[in-house]
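Have a look at the structure below before the remarks.
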Amino acid sequence: MLQVLMVAEKPSIAEILANALSQGSCHMKVSRTSPCRVYEFLGSFRGQRANVKVTSVLGHVFSFDFPQEYNNWDSVEVEQLFFAGVRKVVAESGTKVVKHLAKEAAGIDYLVLWLDCDREGENIACEVIACVKDSMKSTPVIQGDKANVFRAKFSALTTRDICKAMENLTYVDTNQAASVDVRAEIDLKVGVAFTRFQTCFFRDKFSSLDSKLVSYGPCQTPTLGFCVARLDEISKFSPETFYFVVVTVRKENRTSKWYSTRGKIFDRQVANAIVERIRSSSSVLTGKIIDARATKERRKRPLPLNTVELLKLASTRLKMSPHRVAQVAENLYTQGLISYPRTESSKYPSSFDMEAVLSELERTSTWSPVIKVFRKGNQLNKARQGGVDKGDHPPITPVRGVEKGSLKNEEYERVYELIVNCFLSSIAEDAVVAHQQYWMSLNGEKFVFSQKKLVEPGWLEFSRSSNYLDSLHVNSQIEFEENESVADFTVSLEEMQTEPPEYLSESDLVEMMEKHGIGTDASIPTHINNIILREYVRLSNERRLIPTQLGILLYRGYQKIDPQLVSPVVRSHIEQEISQVASGQVDAMSVVEHCLNIFWKKFLYFREHIELMDTLFQTVFTSMHSSGKNFSLCGRCNRYMKLIEEKQNRLFCVNCNDTFRLPSGKFHIMNGNRCELDSFELVTWVSTWGRPLVICPKCYSDSSSDTLFSDPQWYPGLGCTQVSTCRSSSCPWREWHQSTIWLCALCVQQAEKTKPNNSPGVVFLSPRLSTQIYCNRCNFSLKFSQVSVVQVCPVEQTCETCHSRKLLLERLPNSVRQTGCIYCDSQFLAVLTRDMPRRTFRASPRPFRTK
DNA sequence: GCAAGGTC
């Protein structure tokens, strides 16, 4: 019997496929180790009996990365990244998948690939082939008569569509797959190179720039660009005052507002003159209706829904972030309730069965009244002209009818409802609005009054943009007749101001990104999220994107150096080149080389002119040179270094132009005590949680970056006195280290309970008052009573049970000497009492020095 | 530590 393996892009689709293809007769193979489920059934393949297995991957199995040696930021020249040979590595989510596929493909005759029908899908298809090539019965052949690897292309997860795809198997499109690799390599190299360079350049330069990463990306940066460009429009705007001459008419207890046909008047004097002229009329003033006109206006029904439109609508109407909407829609899709939610098409294919969707909805009690209304008022229209069929997937529509309240939560309900409403709107009749207008002449001035009324609601009945609908539901129209005289009115001036454009809304941004080809419909939400996370923009309560200072500076900097870097045009250009690879017109290698060559040159230019951006940063972010106060002495040049107290505390030597990172907390100067190793002046560090400790800024800075918390020799807070980095035996502060005992039991207990990442403090014997023990992190503190001399025994004499260092005591009054462990020896515990008051310590503070 | 693209 033939052995056939089918692979989908995600587990949920594998399940749907298996059920559809086996008519529900498949069974799930249970395996704890597999990352993805496997379904099995007996069926047929190409006319033969076959044992069919259906499983999946979890998106991409591989991703591109630099070889290990390129990962060191300090040793790799950034420019070299452009010439590095990148390799495909197993992606984090793919580690188990590789083995899983190889195992399931053992001995199969045929492989059928059911990945999503886009370029990424073709690329993943190739990844799957790479994983199974050594397991299949014979070498994979992906084309021609001898092919044993096929591609199934489906556009909806209905049984009908799935079976149709099965009957029309095609081949993997390697050109499309290659185009994805091209994009990946270019994005990786360009993004990483610019990001590393910018980050390193600015990080240690500006004290108040506490962002760790100053990233650049071919998608995220142009996205930021859109937001700042709008800010520019807003700041360039200068408001203007304008006036309307208004006549308020009362008739049968109702008022109507009539506007002068002159429209906006920007000159106040002119506007006043007009009002005065009417008011000062010598005769009794009456107006006369000189014209009445009724017209009808068609409001076209919306186009069928695609992803971008869904993201926009959900942001404006449901106030949901694009990121969240994408997640919810994806879920509705995998539950089989809506069609594939990532599509660019806004035109139903000719085969699309609207009636089937309608009757599916009609089966539910929630939607059946709505469908009834629909059938009564609407012909089953073909959707409006003007949509495009991108050939990927059909527009987003409901697939199954769902009762209200049966979905996971409110968000799901609302997104589903939006999709149903959009579907109904798209196939309903156009709406018709009656437009009634009257003209009146008053002392030579002409005024117009207009009112609208919804005559045929059409699609508006299903659209939830109720604001618009409400505005049309006027109680009743006010009517006038031609030649009618109007006597009861007042004339006034209405003052208004032109308004600046608003910050970009999420919905606007999504639209602009789509228009310029920035990101895919699946990744647009991620990019928006990204620039928020990096603090280049922030999201206002009205879901508008407001650039931050950092975002603005970056944008302006790129504009000064190379405006193309923030321009969407570059991305579009790359996309075009890639499309040529996808269609097989150009080979992948030459496009990679061509594009990287361009960006390499851009990089060199950018690096050469970075001071243009630097100047901008200097105006806003405080430079190290001008901030901070003179503090302790540099061990190299013996001049004062500046202490900069920000999120990340630092000491900066203006003379050596070097930065030393300090832990968080407060610092005091020590009177001239120097580190024996590097001559840097020692400082006292008072952390927010514990006791003061002495540290050497240089030793700390050097050690803190590469020391692991798991190293028992290093616990933050141990200060200069810790063993692993300080090799000086004559340093007087080594005494501190010599008095350390072991980890604080209370901290350890606490860490086990709550935050395992927080390393515990260390208990040590007070060097000043040798009858006290305290922890440098928590407020744990002990005091000896009836003991005269206490010392910490040498390192070699540790407790066999708990590894803490033993203490030497001399008991009063007989001066009996004994050694033991404070944690394990009961006789020790007897002379220890808990020392409640928390002591504070200060190492001879003195006034700050000045230059 | 860094991109963008899948999906979890």
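Side chains are part of it too, since the values below use all heavy atoms of this structure and drop only hydrogens, waters and symmetry mates.
Between Lys312(A) and Glu514(A) there is no salt bridge, since no side-chain nitrogen of the basic residue lies less than 4.0 Å from a carboxylate oxygen of the acidic one. Residues Asp118(A) and Arg342(A) are not paired through a salt bridge, judged by the lack of any N-O separation under 4.0 Å between the basic side chain and the carboxylate. Note on Glu69(A) versus Arg87(A): no salt bridge recorded, every NZ/NE/NH1/NH2 to OD/OE distance being 4.0 Å or above.
Side-chain atoms of Tyr558(A) and Arg556(A) form no donor-acceptor pair, as typed in the model, at a separation below 3.5 Å.
Taking atom CG of Asn529(A) as the reference point, atom P of dA3(B) lies 13 Å away to the nearest angstrom. The separation between Gln220(A) atom CD and dG5(B) atom P is 11 Å, rounded to whole Å. Rounded to whole Å, atom C1' of dG6(B) lies 14 Å from atom CD of Glu92(A). One atom, CG of Asn123(A), and another, P of dG6(B), lie 10 Å apart when rounded to the nearest Å. Between the CD1 atom of Ile13(A) and the P atom of dT7(B) there is a distance of 8 Å, rounded to whole Å. Here the C1' atom of nucleotide dG5(B) and the CD atom of Gln176(A) are 15 Å apart, to the nearest Å. Between Phe194(A) atom CZ and dG1(B) atom C1' there is a gap of 19 Å when expressed in whole angstrom units. The separation between Leu533(A) atom CG and dA3(B) atom P is 11 Å, rounded to whole Å.
The residue Arg119(A) sits apart from the nucleic acid: no heavy atom pair falls under 4.0 Å. Across all strands shown, Gly121(A) has no heavy atoms under 4.0 Å from either base or sugar-phosphate atoms. Among the heavy atoms of the strands lying under 4.0 Å from Leu188(A) is at least one base atom, whether or not backbone atoms are also near. In this structure, Ala193(A) reaches neither bases nor backbone, as no heavy-atom distance under 4.0 Å exists between it and the strands shown.
For Arg196(A), the listed nucleotide lying nearest its side chain is dC2(B); candidates were dT7(B), dC2(B), dG5(B). Nearest nucleotide to the Leu213(A) side chain, out of dG5(B), dG1(B), dT7(B): dG1(B). Counting only heavy atoms from C-beta on, Glu9(A) has its side chain closest to dG6(B) among dA4(B), dG6(B), dA3(B). The listed nucleotides are dT7(B), dG5(B), dA4(B); the one nearest the side chain of Asp116(A) is dT7(B). Side-chain proximity of Thr520(A) to dT7(B), dA4(B), dG5(B): nearest is dG5(B). If you check dA3(B), dG5(B), dG6(B) against the side chain of Ser523(A), the one that comes closest is dG5(B). Nearest to the side chain of Arg183(A), among dG5(B), dA3(B), dG1(B), sits dG5(B).
The two atoms that bring Arg571(A) and Gly517(A) nearest to each other are CG-O, 3.7 Å, heavy atoms only.
One finds a side-chain N or O of Arg534(A) lying less than 4.0 angstrom from the OP1 or OP2 phosphate oxygen of dA3(B). Here His527(A) reaches the OP1 or OP2 of dG5(B): one of its side-chain N or O atoms lies under 4.0 Å away.
The side-chain ring of Trp73(A) is stacked on the base of dG1(B), judged by centre separation under 5.5 angstrom and plane angle under 30 degrees.
Here His594(A) pairs with nothing under the ring pair (Phe, Tyr, Trp, His ring centres under 6.0 Å) rule; sequence neighbours left out. Tyr171(A) meets the ring pair (Phe, Tyr, Trp, His ring centres under 6.0 Å) test with no other residue; sequence neighbours excluded.
Between Pro11(A) and Asn71(A), the one whose closest nucleotide on DNA chain B sits nearer the 5' end is Asn71(A). Nearest-nucleotide mapping onto DNA chain B: of Ser63(A) and Tyr70(A), the residue sitting toward the 5' end is Tyr70(A).
In the region residues 601-611 of chain A, proximity to DNA chain B at under 4.0 angstrom, judged on heavy atoms, holds for none of the residues.
Aromatic rings of Phe82(A) and Phe599(A) (six-membered ring for Trp) have centroids beyond the 6.0 Å cut-off, not under it.
At least one cation-pi condition fails for Lys29(A) and Tyr39(A): the charged atom is not both under 6.0 angstrom from the six-membered ring centre and inside a 45 degree cone around its axis.
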